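Inspection log for the structure reproduced underneath, given as structure tokens.
This structure is a prediction, so every number in the text was calculated from the model and none was measured.
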Amino acid sequence: MSQMGPPRPGASMPAEKAKDFKGTFRRLVSYLKPRWKKLAAVFAVAILSTVFAIVGPKIMGMAITELFEGAYGQLQGVPGGGIDFGVIGQILAVLAGLYVFSSLFSYLQQYMMSTVAQDTVYDLRQDVNKKLEKLPLEYFDGRPNGETLSRMTNDIDTIGSTLQQSLTQFITSIVTLVGILVMMLTISPLLTLIAVVSLPLSLFVIGPILKRSQKYFSSQQKNLGRLNGHVEEMYTGHQVVKAFGHEAKSNEQFDAVNEELYNAGRKAQFISGIIMPMMSLIGNLSYVLISIVGGGARYPARHFNR
């Protein structure tokens, strides 16, 4: 909204990237301040949901250890050896309870965050509408109507979805990272070190990809505004277009902008789409290394060569 002033003479179309990111971010935070209590509740519920989810794998590990040691003792003929299904059943019951509570708190987190996001988007639309009412005619003459519509619809919806998804994911990720790190340290500092080393490697690999995808996503939003502007102008002025016989020229312009939007969107989605496979590859390699080191340390090969 801070970029919606009158255009300078001879100025080009404004880029989608914010000219003052810090100032824009502070203004967005100002919309969230009246809802800080709900955000604090979201943060608390996210902590509870994440804690239950983090404790779950350790409880599952206890069940697997009980199962393995019972079977191994039975194979070795250890007196009293065998699988104690009663103990395993109790462990699994506790595990099921943890996951039920984790899912419940996760649902509450999404529900409360959706309320915060939609209330914020509502206030944004109100303020943008008030801003448009105060702008001079020079602003509307110097910009396609589709660009203004795109700011009112697509851009604000993007902010809403970002608050709904990215903010909750950010909170959950921070809590998950801290909780998992603490849990891993209680299990094995050596395996924790191996897992932590993979994080900088992931950032090193993904960093260049993120920079390239940002360029294409910015181009995608810009071309989307151009396309909306072209469609809006052609439909509202279709009588003038038909009177001067510019249907073919209008179609050519639409095809050109649509092709640019297609190329930008395809590249943006493709580049961002390869992030998860690459992260999965690095994560799986880390899992393999952890399994080798952890398995060899806990159960040396001599135990299986007797």
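- Note: Asn228 CG to Leu261 CG = 9.0 Å, rounded to the nearest 0.5 Å.
- Residues Asp119 and Tyr31 have side chains that never bring a donor and an acceptor to within less than 3.5 angstrom of each other.
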- Item | Worked check of salt bridge (Lys or Arg N to Asp or Glu O under 4.0 Å) between Asp123 and Arg35 | CA-CA 12 Å; Asp123 291 345; Arg35 304 168 180 88; 2.3 Å; yes
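- Following chains of ILVMFWY side-chain contacts shorter than 4.5 Å, one cannot reach Leu191 starting from Val196, and the two form parts of different hydrophobic clusters.
- For the residue pair Ile159 and Leu124, the shortest heavy atom distance occurs at CG2-CD1, 3.9 Å.
- With hydrogens and angles ignored, the 3.5 Å screen pairs no side-chain donor or acceptor of Ser286 with any backbone N or O of Ile282.
- Note: Thr192 OG1 to Ile180 CD1 = 11.0 Å, rounded to the nearest 0.5 Å.
- The minimum heavy-atom distance between Leu92 and Ala63, with the atom names listed, is CD2-CB, 4.2 Å.
- Counting only heavy atoms from C-beta outward, the side chains of Tyr99 and Phe52 never approach each other to under 4.5 Å.
- A donor-acceptor pair under 3.5 Å is absent between the side-chain atoms of Ser188 and the main chain of Met184, judged by distance alone.
- Side-chain atoms of Ser280 and Asn284 include no donor-acceptor pair closer than 3.5 Å.
- Met62 CE to Leu67 CG: the interatomic distance, rounded to the nearest 0.5 Å, is 13.5 Å.
- When the side chains of ILVMFWY residues are joined at heavy-atom separations under 4.5 Å, either directly or via intervening members, Leu104 and Leu48 end up in two distinct hydrophobic clusters.
- Inter-residue side-chain proximity for Phe43 and Leu39 is flagged as unmet; no heavy-atom pair is nearer than 4.5 Å.
- Ionic pairing of Asp157 and Arg125 is present here: one or more N-O contacts between side-chain nitrogen and carboxylate oxygen are shorter than 4.0 angstrom.
- Nearest approach of Ala46 to Thr50, heavy atoms of both residues: O-OG1, 2.7 Å.
- Closest heavy-atom contact between Met183 and Val55: CE-CG2, 4.1 Å.
- Under a 3.5 Å cut-off, the side chain of Ser102 and the backbone N or O of Ser49 do form a donor-acceptor pair.
- Note: Gln126 CD to Lys130 NZ = 6.0 Å, rounded to the nearest 0.5 Å.
- Atom OG of Ser161 is separated from atom CD1 of Ile156 by 12.0 Å, given to the nearest 0.5 angstrom.
- Using a 4.5 Å cut-off on side-chain heavy atoms (C-beta onward), Phe217 and Gln269 make contact.
- For the residue pair Val257 and Asn223, the shortest heavy atom distance occurs at CG1-O, 3.8 Å.
- Side-chain atoms of Thr172 and Gln109, non-hydrogen and from C-beta on, do get closer than 4.5 Å to each other.
- In this structure, Thr186 and Lys58 have side chains that are in contact, with non-hydrogen atoms separated by less than 4.5 Å.
- Across every non-hydrogen atom of Ala268 and Gln220, the tightest pair is CB-OE1, 4.0 Å.
- Interatomic distance, CE of Met60 versus CG of Leu95, reported as 4.5 Å (0.5 Å rounding).
- Under the 4.5 Å side-chain heavy-atom criterion for grouping Ile, Leu, Val, Met, Phe, Trp and Tyr, Val87 is connected to Ile59 within one hydrophobic cluster.
- When side chains are defined from C-beta on, Met113 does not count as touching Lys38, because their heavy atoms never get closer than 4.5 Å.
- No single ILVMFWY cluster, assembled from side-chain heavy atoms under 4.5 Å apart, contains both Leu181 and Tyr287.
- Put simply, Tyr107 and Val45 are part of the same group of oily side chains (I, L, V, M, F, W, Y) that touch within less than 4.5 Å, one to the next.
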